[in-house]
Amino acid sequence: MRHMTLVLISAALAALPTAVVADEIKLPVGQQAAQNQTIERPSRGMSLQQVEARFGAPLSKQEAVGAPPISSWEYADYLVYFEYDHVLHTVLKHRPANQ
């Protein structure tokens, strides 16, 4: 009897509605960091050597991890991700609109 009571109480509690309040902000990728879209940055396929020759030394370098090995370099306005020795992707850093 006690087990049945616990099961019924658990079922009743699970059926109670839960209140969740959240704001959802949708921003298309092309509009993110719109003020920074014109910043020149490394393009896909450039080699490590080409990136350093054209954009200078990065602020920091993250060693490669995983398979395939992915490493990253940090610059003032963006991060550059490398697969092996070539640019995979460049990501602009978030900057609040008031900066």
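The basis for the numbers below is simple: all heavy atoms, side chains too, and nothing from hydrogens, waters or symmetry mates. For clarity, every value in this text was computed on a predicted model and none was experimentally measured. By convention here, the first residue in the shown sequence is residue 1.
Residues Pro58 and Glu52 meet the side-chain proximity criterion, which asks for heavy atoms closer than 4.5 Å. Two residues are said to be in side-chain contact when any heavy atoms from C-beta on lie closer than 4.5 Å; Ser71 and Tyr81 fail this criterion. The shortest side-chain heavy-atom distance between Arg41 and Val80 does not fall under the 4.5 Å cut-off.
No chain of hydrophobic side-chain contacts below 4.5 Å, direct or via other Ile, Leu, Val, Met, Phe, Trp or Tyr residues, connects Val91 to Met46. Clustering ILVMFWY residues whenever any of their side-chain heavy atoms sit less than 4.5 angstrom apart, transitively, puts Tyr75 in a cluster other than the one holding Ile70. Hydrophobic clustering places Trp73 together with Ile39 (ILVMFWY residues linked when any side-chain heavy atoms are closer than 4.5 Å, directly or through intermediates).
The two residues Glu40 and Phe55 come nearest to each other via the heavy atoms O-CE2, 3.7 Å. Scanning all heavy atoms of the two residues, the minimum distance from Pro42 to Val87 falls at CB-CG2, 4.1 Å.
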Problem set entry | Check against salt bridge (charged side-chain N to carboxylate O under 4.0 Å, His left out), Lys93 and Glu74 | CA-CA 10 Å; Lys93 290 182 179 178; Glu74 179 183 6; 2.6 Å; yes
Problem set entry | Test side-chain contact (heavy atoms from CB on, under 4.5 Å) applied to His89 and Phe82, step by step | CA-CA 7 Å; His89 198 63; Phe82 296 90; over 6 Å; no
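Distance check: Asp77 CG to Thr90 OG1 gives 12.0 Å after rounding to the nearest 0.5 Å. Within the model, atoms OG of Ser43 and CD of Gln50 stand 8.0 Å from one another, a figure rounded to the nearest 0.5 Å.
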